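Everything quoted here is computed from the prediction, not taken from an experiment. Remember, it's 1-based here, ligands and their atoms both numbered in the order they're listed.
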Amino acid sequence: MACRICSGRLHPFADFGRQPLSDAFVIPGDPGEEFFFHLAVGLCVACSTVQLLEEVPRERMFHEGYPYLSSGSSVMREHFQSLAKRLLTTELTGPDPFVVELGCNDGTMLSVVADAGVRHLGVEPSGGVADVAAAKGVRVRKDFFEAGTAAGILAADGPADVVYAANTLCHIPYLDSIMEGVDTLLRPGGVFVFEDPYLGDIVERASFDQIYDEHFYFFSATSVSGLARRHGFELVDVERLPVHGGEVRYTLARRGARTPAPAVAELLAAEEAAALAEPATLHRFAARVADTRERLVTLLTGLREQGARVYGYGATAKSATVLNYCGIGPELVSFVCDTTPAKQGRLTPGSHIPVRDPEAFADPYPDYALLLAWNHAEEIMAKETEFARAGGTWIRYVPEVHLVRA
Ligand code: JHZ
Ligand code: SAH
Ligand code: ZN
């Protein structure tokens, strides 16, 4: 098995078996075949990049019916609003600035830029969510970003001051083409800013459900600084973010254009000290994952034997890995509630648990709720205080299986 970036040898360390597409919610009674692939991860010892062993063709995942909406969390709306405001006051202050967002989704970030009257473009291949962005006044190009797309944007709009991507770069196997495109598009002093789930947090929290079809890479400062270097760029800043269970925001500039912030060397040193890119560390992670599966299945089967009612909360993409890897179906979790219209009335991929409007959660409350959207725990627990008051218990499985009673 060869590294998708440097062709180095991949060292596999965790295997989740046959898995469905995480965002392919099934229409009940639909005779259409579900698509499955082999979900496993490996470490490239040469370039320190953790990656999936099998690549799912991009059109199978990102298309007209792609259901995920960035605006589904109020915390995320605030997160992107403050990032947009920061870019507007730091990087986008020259005459007629221009920002390009890769994977702009429903325009949660770019609508703030559009409202400020600043020139922008979202590149978004999933047509349905791109339409939602356009309805907010965001300028969108329905396309996958790659080297060729960048050349077209440069020809039409001129160079960009900032290229930004949140939870998108780690979805793209063909990173060489992306870096080439960014190099084409970015003006000499411009920056490429992207944020994705952080390998350090995934390993520390054993948050194995970050591993699914759409997440092809699991970045660290070590792997990103190498990627930057190979393309004439330099990692000049890193910022740890609390969202989505722990992320890092990386800032890349052309080599020599900016002085790296001290945070870069600090994070690189911390990763070295934690032996983050060592096979032994990742094998320990895999052992914790197996333990979580065992404890979660034991807990849920025990609850079924007691006759307890268990619902799921948040039909996340991540939950596909947990539910299918643990063999959790409607006999253990009666339904999953979720605010996303395109998920409601459907069944979770592979595990076939019905997805319902959150109104069903209180009608009546279950005894236990499996918090599948654990990355939004604070937001969800704050709006579901009535559940705890009614005697309900949350089941969490990150960083290990535990029960939370208010
Ligand atoms: P959430 C998706 O992952 C897919 P998912 C993708 N690959 C990725 O990287 C991240 O997003 C960014 C619902 N919900 O954010 C809405 C409620 O019902 O954890 C969502 O369906 N009530 C692009 O899907 C889901 O939960 C609520 O109060 O793992 C959350 O999905 C809240 C806050 C959310 O991402
Ligand atoms: N930035 C948003 C959306 C993340 S979802 C947020 O953080 O919430 C990831 C998005 O990337 C999807 O909307 C998907 O359609 C898009 N995407 C996938 N491959 C892409 C590519 N090659 N270029 C641009 N966008 C892409
Ligand atoms: Zn490699």
I'd like to check which ligand 1 atoms, numbered from 1 as shown, lie under 4.0 Å from a non-hydrogen atom of Y66. 4 (C), 6 (C), 23 (C)

Among all protein heavy atoms, pick the one closest to atom 13 (O) of ligand 2 and tell me residue, atom and distance. E124 OE1, 2.8 Å

Looking at N167, T339, D23, the heavy atom closest to atom 17 (C) of ligand 1 belongs to T339

Vertex the Zn ion (ligand 3): angle to SG of C44 and SG of C6, to 10°? 100°

Going by distance only, is there an N or O of A166 that falls short of 3.5 Å from an N or O of ligand 2? yes

Run down the list G72, P125, S71, S177 and name the one with the heavy atom closest to atom 20 (C) of ligand 2. P125

Of the side chain and backbone of F62, name the one, both, or neither that has a heavy atom under 4.0 Å from an atom of ligand 2. side chain

What about S126: any of its N or O atoms under 3.5 Å from an N or O on ligand 2? yes

Angle subtended at the Zn ion (ligand 3) by C47 SG and C3 SG, to the nearest 10 degrees, is 110°

Contact (N/O only, under 3.5 Å) between D143 and ligand 2: no

Could you pull out, from F25, Y212, Y313, the option with a heavy atom nearest to atom 4 (C) of ligand 1? Y212

Is ligand 1 less than 4.0 angstrom away from at least one heavy atom of M76? no

For ligand 2, is there an N or O atom under 3.5 Å from any N or O atom of V129? no

Ligand 2-proximal atoms of Y164, by part, heavy-atom distance under 4.0 Å: neither

Does the N or O separation between H171 and ligand 2 drop below 3.5 Å for any pair? no

Under 3.5 Å between some N or O of ligand 1 and some N or O of S73? no

So is there a nitrogen or oxygen of E379 less than 3.5 Å from a nitrogen or oxygen in ligand 1? no

Option whose closest heavy atom lies nearest to atom 11 (O) of ligand 2, chosen from T168, I178, L110: T168

So if I count the atoms of ligand 1 from 1 in the order they appear, which ones are less than 4.0 Å from some heavy atom of N375? 1 (P), 15 (O), 19 (O)

Which residue and non-hydrogen atom of the protein lie closest to atom 9 (C) of ligand 2, and at what distance in Å? N167 O, 3.3 Å

Salt bridge flag under 4.0 Å for residues E400 and R295: no

Any N or O of G314 closer than 3.5 Å to N or O of ligand 1: no

